[in-house]
Structure formats: C-alpha cells, structure tokens
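Below you'll find the structure, written out as structure tokens, and then a few comments.
All values reported here derive from a predicted model rather than from experimental measurement.
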Amino acid sequence: MPGVRPVRPAHRPPADPRALTRTTSDSAAATGRTLELIEQLGIDLDPQLLRLALTHRSYAYENGGLPHNERLEFLGDAVLGVVVTEFLYRTYPDLPEGRLAKLRAAVVNAHSLADVARSLDLGSTILLGKGELATGGPDKSSILADCLEAVLGAVLISAGRDAADRLVHHLFDPLVRQAAALGAGLDWKTSLQEYAADSELGAPSYRVTESGPDHDKRFEAVAIVANRAFPPGTGTSKKQAEQGAARNAFEILTAGTDA
C-alpha cells in the first residue's frame, strides 16, 4: 500500500543490560515452532527482540523490573490490523464495507489470535511469573494473543515490514478465507444452524461437559444434529468448545463424509 510502508529503522533500540543476564533456560524459551516458522519464512529475527516479545509483565516484575512485551504488542496489533484489512480489500473487491469489517473482526480478535498461538505452541515459550504459571497462564487466551502480537511487532522492528507481512499472511490468510466461507453470523454455530435448517435436519443441540479446577477449567462439547453426534470440540470456555464442536459437525456434513 503506497504511503503506508514504514522505513526500516537504521538502528535497533539499545538492549537493557539486565536482559542479557538471563539464564540459559530462559534463553532456550525462545525456541520451538514459532522460531522454526520464522526461519522457514526466511525472516532474520533478532533473538533479543524475540525474547522480549515472549516476556510477560508478570515475569518482568518478579525479576527486578525487566523490560516486557507490551510495547511490541501495541506495534504488532497495528501491523496485524493493516495487513489483514489490505488483504480483505484486495481479495474481496465486491464485498461492502460492513461485510469487510465483520470479516476482519472475525479474524482479528483475541480468540483467533490465541488459537494461532496454540498452533505454534507459543505458550510453552512465554516467560511468565510464578503466579501466572500456577493459574494456567501458558494457555490463557489473553496472554497468548498478546504475545503473538508482540512477536509480530518484534519481526517488524527486527526485519522490516515485508517480513512482518509475510508472517501475517502465512498465519492469517487461511483464517480470512475460512471466515469468508461462513454464514452471515461469521461463526461455526451460526453456519451449522443455517446448514441444518436448509437441509431440514432440525436445530443442532450441544452436550457440554467440564473438568479441571476453577482457575483452569476445560470444556468439551459435542454437536448433535438429527440424532447424530459429531467429534467433540474443546476449549477453556463453553462458547469456545461449542464453536469447535459446531465446526467439526459443519465440516463433516458439508463434505458428505462420516465421522
């Protein structure tokens, strides 16, 4: 997009010397599928910036006030919004503004970001304080979403706009196309309900069970359509589990395959 692409900074911000004293185990946290993907995309990412992107404020506060990832998160949120918006504009030239806005909201939200982060096993690499670790922090949607945005911000600062674009497109273009194929409500439950109504299968219902302690609940939901149960969906909330169950049922029914 002309006029939007920022100039790559000539120098990086000076590293806080305290960040260089982290233990070997802390440094090893900046590994895994996230780093592998970045390398596969040919992105040259400064390891210190990646560690900063993975440093939650709870860890920073417990370790003497280290820098944390919230500034990078702010930057990454802006990059994500611009890239997804441009992709929507160019890919769906016939859609009105209202539909484009709904599609963007269906993709750029905490739940979607958290799911992408989980696919990268990002939670296992985040540096968290003891309190967050004890209360399921590595799988909290808000923490995962924020850290993923911080990684995008780190890529922008370290490798430039083109690299950040490549990473966003790789991670989010499939979600955009998926959302565009959903019903008017842009969620799996609505799509399943519409399909069931059009096919005269009756209204779907859901069977939900929960497990785990209060601070770390896990939910499992099974969608039932025309007395047929489909593979379950899981999540950290009833809504998330039901959406996963609806997706499983919708994809099986529309593909004409058996569970």
Exercise for the section: For residues Ala179 and Val107, report the shortest heavy-atom separation together with the two atoms involved. Expected result: CB-CG2, 4.2 Å
Handout entry: Side-chain ion pair, Asp165 and Arg161, N-O less than 4.0 Å
Key = yes
Handout entry: Closest approach of Cys147 to Ala53 (non-hydrogen atoms, all atoms of both residues)
Key = SG-O, 4.0 Å
Practice task
Determine whether Leu156 and Leu171 fall in the same hydrophobic cluster, where Ile, Leu, Val, Met, Phe, Trp and Tyr are linked whenever their side-chain heavy atoms lie under 4.5 Å apart.
Solution key: yes
Handout entry: Connected via hydrophobic side-chain network under 4.5 Å: Ile224 and Phe250
Key = no
Exercise for the section: Report the C-alpha distance between Glu220 and Arg207 in whole Å, list the side-chain angles of each, state the deciding distance to 0.1 Å, and finish with yes or no for salt bridge (charged side-chain N to carboxylate O under 4.0 Å, His left out). Expected result: CA-CA 8 Å; Glu220 181 176 284; Arg207 185 171 63 239; over 6 Å; no
Handout entry: Heavy-atom side-chain proximity of Asn69 to Asp146 below 4.5 angstrom
Key = no
Practice task
Evaluate the criterion salt bridge (charged side-chain N to carboxylate O under 4.0 Å, His left out) for residue pair Lys130 and Glu62; output intermediate values, then yes/no.
Solution key: CA-CA 8 Å; Lys130 295 177 182 177; Glu62 287 185 11; 5.6 Å; no
Fill in the blank from the handout: Shortest non-hydrogen pair, Ala245 vs Ala221, comes out as CB-O, 3.3 Å
Practice task
In plain terms, say whether Asp214 and Lys217 are close enough for a salt bridge, that is, a side-chain N and a carboxylate O under 4.0 Å apart.
Solution key: yes
Practice task
Using atom types as modelled and distance alone, determine if a side-chain donor or acceptor of Thr55 lies under 3.5 Å from a backbone N or O of His68.
Solution key: no
Exercise for the section: Report yes or no: does Glu149 contribute a side-chain atom to a donor-acceptor pair with the main-chain N or O of Gly76 at less than 3.5 Å? Expected result: no
Handout entry: Flag side-chain contact, heavy atom, 4.5 Å: Leu37 against His170
Key = yes
Fill in the blank from the handout: So CZ of Phe87 and CG of Leu100: to nearest 0.5 Å the spacing works out to 12.0 Å
Exercise for the section: First locate atom CG of Leu80, then atom CZ of Phe172, and finally report the distance between them rounded to the nearest 0.5 Å. Expected result: 5.0 Å
Problem - Close side-chain approach of Lys189 and Tyr206, heavy atoms under 4.5 Å - result: yes
Practice task
Tell me yes or no: between the side chains of Asp121 and Ser124, is some donor less than 3.5 Å from an acceptor?
Solution key: yes
Practice task
Verify side chain to side chain contact (heavy atoms under 4.5 Å, CB included) between Leu120 and Leu148, making sure each step is shown before the conclusion.
Solution key: CA-CA 10 Å; Leu120 297 172; Leu148 181 59; 4.3 Å; yes
Exercise for the section: Say whether, by atom type as modelled, one donor and one acceptor occur between the side chain of Gln240 and the main chain of Thr236 under 3.5 angstrom. Expected result: yes
Handout entry: Separation between CZ of Arg51 and CG of Asp46, rounded to the nearest 0.5 Å
Key = 8.0 Å
Handout entry: Gap separating the CG atom of Leu103 from the CZ atom of Arg177, nearest 0.5 angstrom
Key = 12.5 Å
Exercise for the section: Please confirm whether the backbone N or O of Val108 pairs with a side-chain atom of Ser112, one donor and one acceptor, at under 3.5 Å? Expected result: no
Problem - Val84 backbone acceptor or donor facing Arg104 side chain under 3.5 Å - result: no
Exercise for the section: Mark yes or no for whether Arg118, through its side chain, and Asp139, through its backbone, hold a donor-acceptor pair below 3.5 Å. Expected result: yes
Problem - Verdict with reasoning, Arg218 to Glu210, per salt bridge (charged side-chain N to carboxylate O under 4.0 Å, His left out) - result: CA-CA 6 Å; Arg218 291 293 183 272; Glu210 63 180 75; over 6 Å; no
Practice task
Of all the heavy-atom pairs spanning Ser141 and His111, show the shortest one and how long it is.
Solution key: OG-ND1, 4.3 Å
Exercise for the section: Would you verify whether the NZ or CZ of Lys239 falls within 45 degrees of the ring axis of Phe219 while also being under 6.0 Å from that six-membered ring's centre? Expected result: no
Fill in the blank from the handout: d(Asp173 CG, Leu88 CG) to nearest 0.5 Å is 9.0 Å
Fill in the blank from the handout: Minimal heavy-atom distance between Gly233 and Asn248, with the atoms involved, is N-ND2, 4.1 Å
Practice task
Go through the steps to decide whether Asp77 and Leu152 satisfy the test side chain to side chain contact (heavy atoms under 4.5 Å, CB included), and finish with yes or no.
Solution key: CA-CA 8 Å; Asp77 174 68; Leu152 296 176; over 6 Å; no
Problem - Reported CG-to-CG distance for the pair Leu72 and Leu52, which is rounded to 0.5 angstrom - result: 5.0 Å
Handout entry: Donor-acceptor under 3.5 Å (Asn109 side chain, Ala106 main chain)
Key = yes
Handout entry: Any side-chain heavy-atom pair of Pro138 and Leu128 under 4.5 Å
Key = yes
Exercise for the section: Ignoring hydrogens and angles, tell me if any N or O in the side chain of Thr135 forms a donor-acceptor pair with the backbone of Gly131 under 3.5 Å. Expected result: yes
Problem - Heavy-atom side-chain contact between Tyr61 and Leu66 under 4.5 Å - result: no
Practice task
Evaluate the side-chain proximity of Pro47 to Leu50: yes if any heavy-atom separation is below 4.5 Å, no if none is.
Solution key: no
Handout entry: Min side-chain heavy-atom separation Tyr195-Ser191 under 4.5 Å
Key = no
Practice task
Work out which heavy atom in Leu54 is nearest to a heavy atom in Leu122; give both atom names and the distance.
Solution key: CD2-CD1, 3.7 Å
Problem - Heavy atoms of other groups near Gln193 CD, more than 12 under 6.0 Å - result: no
Handout entry: Hydrophobic cluster membership, Val79 vs Ile38, 4.5 Å side-chain cutoff
Key = yes
Handout entry: Flag side-chain contact, heavy atom, 4.5 Å: Arg247 against Phe230
Key = no
